[in-house]
Amino acid sequence: MIEAPPPAVAPVQKTSATRRKLMIAVRGLTKAIEAQKILRGVDLDVATGETLVIIGRSGGGKSVLLKHLVGLMQPDDGEIWIEGENILGLSERKLADIRRKVGILFQSGALFDSMTVEENIAFPLHEAGERDTEAIRKRVDEMLEVVELEGQHDKMPVNLSGGMKKRVGLARSIVRRPSVVLYDEPTAGLDPVVSDSINRLIRRLQERFHVTSVVVTHDMKSAFHIADHIAYLHEGQIYFYGTSVELQQSTDPLLQDFLLGRSECGV
Amino acid sequence: MTRFFTAIGAAVISLLTYVGELVVLGVATFGSIFTQKLRWRLFLDQIVEIGLRSQLVVVITGAFTGAVFAAQTFFQFNKLGMGSAVGAVVSVSICRELGPVLTALMVTGRVGASMSAEIGTMKVTEQIDALRALAVHPIDYLVVPRALGMMVSMPLLVAECIGVGIAAGYAVAIGLLEVNGTYYMANMVRWTQMRDIVMALSKAFCFALLIVFISCHKGLTTREGAVGVGRATTQAVVDSSLAVLIFNFFMTMGLNIVFPAGYQ
Ligand SMILES: Nc1ncnc2c1ncn2[C@@H]1O[C@H](COP(=O)(O)OP(=O)(O)OP(=O)(O)O)[C@@H](O)[C@H]1O
Ligand SMILES: [Mg+2]
């Protein structure tokens, strides 16, 4: 079943033609929900160990794209390769193997609201068969420290602020040390100091554990800080793909507007 | 006229689709029960939730049904001088029909509704996606413990309802209506057979499956926020109740061939 994904088509590798070992390869992904065409042929490569930042207008389909990468949504057409394995058409049980490798942080946090913070973070460990409560406890403490929520073990998700939920969700998605992490707006709603520490965390995971990251964000400062590559999703396609420097030097009016936060083309 | 048939056709197709989806869910659940590791803690939680927390409802339902049924039967039978036959009538009807059906309806309202609301809320708040993303199959985690909990609890609840109903009938007939206790008991024991109890428990088991699969299915297919959860919950209760009543008729007719009612 394991074949190499077909070579990427333009515009994906136009700007960085070096051959890289691919962790994620997306080809011609299209998705319509009801009559709305959300993705119209997305091509995207993520090399092993790199951090790709996806930016784009609100409602542009970034969250939908991330959900496709772990098989939570089924595309109408196209291919998704994770470590050389095409995940489309895999059954829910087969997908579980992929999902053990790929963690995802939901935009909403998606915490289990009947469980405490501690139980939420311990959940993936329990499910992985870990039974040593002492080890779990230690790991949870460690994760809470990483996301700067020490001592919040027993709070219920309803009693957390938006930013805290986000960070608990983040802790839950990386607690099992997946080799790929998809972050849906990890720093949205966080104060600048915590945002910065989350950005450092993403960097640190990459440097220390060679985690491959895909980060959806509206926060351009953190995008430039963490990205090896940046992809701009526009009208269901990858409109731009390149490094931070290439993006900043781009003279494309659409990108300029986005970077400068202007609402009308060139006005 | 064609419009009419198109409408009927559409209704039939959607009913068949619905039944098909329920069957698929049922098959997947039993598949999971036999092939996946059971989460004991969740299963025991469900037994507490379904079995233990339904005690009051089931006891009251059983007691007052048994009591009123004994009284009504007595008012009729006493005119014929058959007051002591009330025990047999009460016990056989409670075993065969009233116990299973009323327990199922009460459990639908209490447990089915909360199942669909809980799972539905998890669906609309992306918690089910979060489960899936953490490599946990929602059927293993959500449906299996509830299905097993129901399969274990329902027969016990029905048995309890029947026991309480018969006892209440006895109390009313002997205590209030002054029927002869010895004859009452003798008739009851003579006319109530093992097969009546087997029938009660088989019905309980089937109703458990109907309620749990309909409720979980409604929860898992919930859409559109709080309104959707409300709608799913209502539909789960309505559909489960109707399914119980309809199934009950066919099970009575079918089981009556295997376990005929009455003295032989
Ligand atoms: N389950 C769904 N059913 C119907 N439409 C959906 C669903 N999920 C997403 N959409 C639609 O898909 C489009 C893209 O949504 P998505 O959440 O991916 O946007 P986004 O790029 O993540 O935006 P934001 O930056 O605001 O998070 C939106 O128009 C949204 O209405
Ligand atoms: Mg989004």
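First the proteins, then the strands, lettered A, B, ... as listed; each starts at 1.
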Member of Glu49(B), Glu160(B), Arg110(B) meeting the side-chain hydrogen bond (donor to acceptor under 3.5 Å, both in side chains) criterion with Ser54(B): Arg110(B)
Proximal component of Ile104(A), with respect to chain B [non-hydrogen, under 4.5 Å]: side chain
Shortest non-hydrogen separation from Ser197(A) to Glu148(A) and the atoms involved: OG-OE2, 2.9 Å
Leu111(A) portion near chain B, given a 4.5 angstrom heavy-atom threshold: backbone
Residue part contacting chain B, namely of Asp113(A), when any heavy atom lies under 4.5 Å: both
Lys218(B) charged N/C atom sitting above Tyr18(B) aromatic ring, 6.0 Å / 45°: yes
Geometric cation-pi criterion Arg172(A) and Phe112(A), 6.0 Å radius, 45° cone: yes
Part of Gln36(B) lying under 4.5 Å from any heavy atom of chain A: side chain
Which portion of Ile128(B) sits near chain A, non-hydrogen atoms under 4.5 angstrom: neither
Between Arg93(A), Arg100(A), Glu92(A), Arg176(A), the one whose heavy-atom pairs under 4.5 Å with chain B are most numerous: Arg93(A)
Side chain to side chain contact (heavy atoms under 4.5 Å, CB included) between Asp45(A) and Arg27(A), worked out: CA-CA 9 Å; Asp45(A) 285 346; Arg27(A) 297 289 173 269; 2.9 Å; yes
